2 protein chains.
Amino acid sequence: MNRSNSGANLPALRSHNAALVLDLLRTAGDAGISRLELAERTGLTPQAVSKITARLRAEGTATEAGRRASTGGKPRTVLKLVPSAGHAIGLHLDRDELTAVLVDLAGTLVGVRTVPLDLGAGHDTVVGTAAEQAESLIGGRPILGVGVASPGPLDHHTGVLHRITGFPQWNGFPLRDALAARLGLPVVLDKDTNAAALGLALRGPADSFAYLHLGTGLGAGLVLGGTLLRGSRTGAGEFGHQTILLGGPACGCGARGCIEALCLMSVARGDIAAAARFLGVGAANLVGLLDIDRVLLGGRTVMGAQDGFVRGVRAVLEERARRGGDARAVPVAVAPGGPHAVAEGAARLILGPVFGHGDGGGTRLQAPVRSSDLPILG
Amino acid sequence: MNRSNSGANLPALRSHNAALVLDLLRTAGDAGISRLELAERTGLTPQAVSKITARLRAEGTATEAGRRASTGGKPRTVLKLVPSAGHAIGLHLDRDELTAVLVDLAGTLVGVRTVPLDLGAGHDTVVGTAAEQAESLIGGRPILGVGVASPGPLDHHTGVLHRITGFPQWNGFPLRDALAARLGLPVVLDKDTNAAALGLALRGPADSFAYLHLGTGLGAGLVLGGTLLRGSRTGAGEFGHQTILLGGPACGCGARGCIEALCLMSVARGDIAAAARFLGVGAANLVGLLDIDRVLLGGRTVMGAQDGFVRGVRAVLEERARRGGDARAVPVAVAPGGPHAVAEGAARLILGPVFGHGDGGGTRLQAPVRSSDLPILG
DNA sequence: TGCACTTTGGCAACAGCGTTGCTTAAGTGG
DNA sequence: CCACTTAAGCAACGCTGTTGCCAAAGTGCA
């Protein structure tokens, strides 16, 4: 059950268990999972799992798909998620382009559209373009909702943008509500780095990790204990302006010795190794402070010199591990996912709550979201 | 309900709601709280709250205590927690002394004992002394469990100590199990900074804060979104060895420019203002990265020059807020709680789960903890 | 081929949760 | 004194996961 301040009743109990089972089905993927395995993993009795899966099958969100080999008795029946039982839209609003994706319940990409878009154009133009792209992908399908990833800062709870660097005209604009009104769908807004981290969290097995994004700026998405850390005012992840060199070179933020400034200066000089070392020092600080399992790198600058950045960051973390007497350093890798990773992560803002992850942001999809509320079953 | 991977059944539902109500009763303190207010706060129906509070009253953990003024009808009956319905022991194992406290359900200090203790003495001596101090405080009362706060690093899940700086002989010692076997009570082990932070979390209203402890070393306890962050290997909060001055003075850890080294060197020179500024830079990094609401300072060194440290850290944070255009800087204060704060926080390791906070650590008190399982009600 | 055994999974009855509908208790105000 | 308001409990209820039992569907040996 979610750590919350609200009481739970029978429907909440039911949703919780259904979401848990759905999540295990999702994680199992094409391999599927048997009822008894579900019972072991959830701690529920086999009979309870039978009832829950029967409901899910009746709703169309799960299905039987073959059997396992017998171990001396009746063979186990394999259950799988039916990915087409629900879809979500993910929008990545970047400074110069808009990427829209349609994904199914399993998170599989069903459709993509990318169009150039000047974030400096008027509110109506941007909202209109975003809505058009979303609608063209939907194609009449029932949609759970729309997740939007935007450069920060912004307020995830209210869905309002703040002062985006270089685009002050968006300050205070209620993007979530504007888009929700235009599309008639639930919309959730979050920072691009958070969306990327969320996509990675649902993809991989790492319980705690940091996604470091180095593009025109430097930011981080933090997943701690399986949960995305947004902070009190959706401000968490401001990694670029961590001071690592007191009295160092001036940064655009007004301070000195910020990681971002040091990295970008090195990159501008063409010295990737130096940039990677600065990034590594920041990563080492993160690893120590938060005790994370993994560091993932992304962003256009990193993608332009993947090996150099991974090697440089890894070297700093290995040095740190040696000092601490740890057998193994925290692994470093380039974030998987390709060019639509952020948009796909944005879609996960919608899919997450269906599987019991997070709270669906400011806009609760339902209260609580239960599988029987999937629109397709309406 | 707790974000977990385990299914929930009716007893779990009942425990969850009972814990929620108990927590509201605890928070209300001497002022008490009415049934209808409980219903509003939990989202449960008034009738459900009536049933739950009736059970709690029957068990002895809650009681009626007067009525509020009428607002035109029957006046509300005020309910309060019965603090004496349960007690917990908190032990603070420090390098040179042991503090043991006995607290009641409300967290109120009932008894304290402090004895000198050399952590360098043998395992049996230390465990024996700890057990003796605990037993002398218990005095036949039914006890929920014993929380132990120790210098890190250690593993909170297994209850095993790691390589404590200066006391390598404890490496790998299963302190939790040793003490549990000796006392016949559930024991939970955690780092001293975590215990301190947990005590502060249950005391104040701040949802997210950092407790920075500057004594012989520098560490942090992080509470994010109401939950103590322990990290994957109970390693979170290693704040002292954050690099803030690349290529700076050498630190005992083998790196250069660690906050701890910079702070302690300044303190050694008697330059509290400089130490506070270094601490402030680290705090500013934290505030940006985690978007916390509050910074609290503690530890012997801080307590020796409270004003200097608070002013210095505050100045850095205010400068940071000005740069970011924020109206208000994150507030800084000395952590309240007095000399037994850590031991009291350790006791909260046991009390927390009763009120639905956290998971009770490696040793689950019960599975799940429900109020009817309080030993006193046996 | 037949029978014993193992394992899976559903049916039916059940205890217990919060909810609903209604009644009783205990005040205020004209 | 009576109408009204508000609080809180009783009883019946729907629905949850659980328990006890049984049918289905395999394996393996005689």
Side-chain angles (χ1 to χ4, degrees), chain A residues 1 4 6-21 32-59 62-79 367-368 370-373, chain B residues 1 4 6-21 32-59 62-79 367-368 370-373:
Chain A
M1 317 196 212
S4 70
S6 66
N9 50 21
L10 288 175
L13 184 78
R14 173 188 169 130
S15 320
H16 170 79
N17 287 339
L20 218 57
V21 169
I33 186 170
S34 69
R35 287 178 180 79
L36 284 173
E37 215 174 328
L38 287 170
E40 284 166 21
R41 299 276 284 271
T42 57
L44 295 170
T45 60
Q47 181 59 21
V49 171
S50 270
K51 283 188 177 182
I52 292 167
T53 55
R55 285 198 298 262
L56 296 177
R57 284 190 299 144
E59 292 171 359
T63 186
E64 295 191 344
R67 355 190 99 180
R68 291 226 197 289
S70 165
T71 58
K74 180 174 175 177
R76 300 186 172 185
T77 311
V78 173
L79 297 167
R370 45 175 119 172
S371 53
S372 60
D373 291 331
Chain B
M1 314 197 216
S4 70
S6 66
N9 50 21
L10 289 174
L13 184 77
R14 174 188 167 129
S15 318
H16 171 79
N17 287 339
L20 217 58
V21 169
I33 186 170
S34 70
R35 287 178 180 78
L36 284 171
E37 215 173 328
L38 287 170
E40 284 166 21
R41 300 276 286 270
T42 57
L44 295 169
T45 59
Q47 181 59 21
V49 171
S50 269
K51 284 188 176 182
I52 292 166
T53 54
R55 285 199 296 262
L56 296 176
R57 283 191 298 145
E59 292 171 358
T63 187
E64 294 191 345
R67 348 190 104 182
R68 292 230 194 289
S70 166
T71 59
K74 179 175 175 177
R76 301 185 173 187
T77 312
V78 173
L79 297 166
R370 43 175 120 174
S371 53
S372 60
D373 290 331

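Keep in mind that what you see is a predicted model, and the values were worked out from it rather than measured.
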To the nearest Å, how far apart are E40(A) CD and dT8(C) P?
9 Å

Going through the checks in order, is the side-chain contact (heavy atoms from CB on, under 4.5 Å) test met by L10(B) and L10(A)?
CA-CA 8 Å; L10(B) 289 174; L10(A) 288 175; 3.4 Å; yes

As a quick check of understanding, evaluate side-chain contact (heavy atoms from CB on, under 4.5 Å) for N17(A) and T42(A), giving each step before the final call.
CA-CA 8 Å; N17(A) 287 339; T42(A) 57; over 6 Å; no

Over how many whole Å does the gap from L20(B) atom CG to dC17(C) atom C1' extend?
15 Å

Examine dA8(D): is either OP1 or OP2 under 4.0 Å from a nitrogen or oxygen in the side chain of T77(B)? Give yes or no.
yes

Identify, with sequence neighbours excluded, every residue that meets side-chain contact (heavy atoms from CB on, under 4.5 Å) alongside E64(B).
R35(B), R57(B), T77(B), L79(B)

Suppose we screen for side-chain contact (heavy atoms from CB on, under 4.5 Å). Which residues come up paired with T45(A), at least two apart in sequence or across chains?
Q47(A), A48(A)

Quick check on dG10(C): is either OP1 or OP2 less than 4.0 Å from any side-chain nitrogen or oxygen of R57(A)?
yes

H16(B) versus A8(A), closest heavy-atom pair with distance
CD2-CB, 3.8 Å

Every protein N/O within reach of nucleotides 26-29 of chain C N/O, cut-off under 3.5 Å:
from	atom 1	to	atom 2	distance (Å)
dG27(C)	OP1	R67(B)	NH1	2.8
dG27(C)	N2	G72(B)	O	3.1

Least distance between heavy atoms, R14(A) atom then R55(A) atom
NH2-CD, 3.1 Å

Counting just side-chain N and O atoms, does R35(B) come under 4.0 Å of either OP1 or OP2 of dG9(D)?
yes

Expected list for residues 65-72 of chain A: side-chain donor-acceptor pairs under 3.5 angstrom, two or more places apart:
from	atom 1	to	atom 2	distance (Å)
R68(A)	NH2	G32(A)	O	3.4
S70(A)	OG	G72(A)	N	3.0
S70(A)	OG	G73(A)	N	3.1
S70(A)	OG	G73(A)	O	2.6

side-chain contact (heavy atoms from CB on, under 4.5 Å), that's the test. Do L44(A) and I52(A) meet it? Break it down for me.
CA-CA 10 Å; L44(A) 295 170; I52(A) 292 167; 3.8 Å; yes

Minimum heavy-atom distance between N9(A) and L13(B), given as atom pair plus value:
O-CD1, 3.8 Å

Tabulate protein N/O versus nucleotide N/O from nucleotides 16-18 of chain D, keeping only pairs under 3.5 Å, one per line.
from	atom 1	to	atom 2	distance (Å)
dT16(D)	OP1	R14(A)	NE	3.4
dT16(D)	OP1	R14(A)	NH1	2.0
dG17(D)	OP1	N17(A)	ND2	3.1
dG17(D)	N7	K51(A)	NZ	3.4
dT18(D)	OP1	N9(B)	ND2	3.4
dT18(D)	OP2	T45(A)	N	3.1
dT18(D)	OP2	T45(A)	OG1	2.6
dT18(D)	O4	K51(A)	NZ	2.8

Helix axis bend for the helix from dT1(C)-dA30(D) to dG30(C)-dC1(D) - C1'-based end axes, five pairs, 10° rounding:
10°

Distance, nearest 0.5 Å, that separates CD of E40(B) from OG of S34(B)
7.5 Å

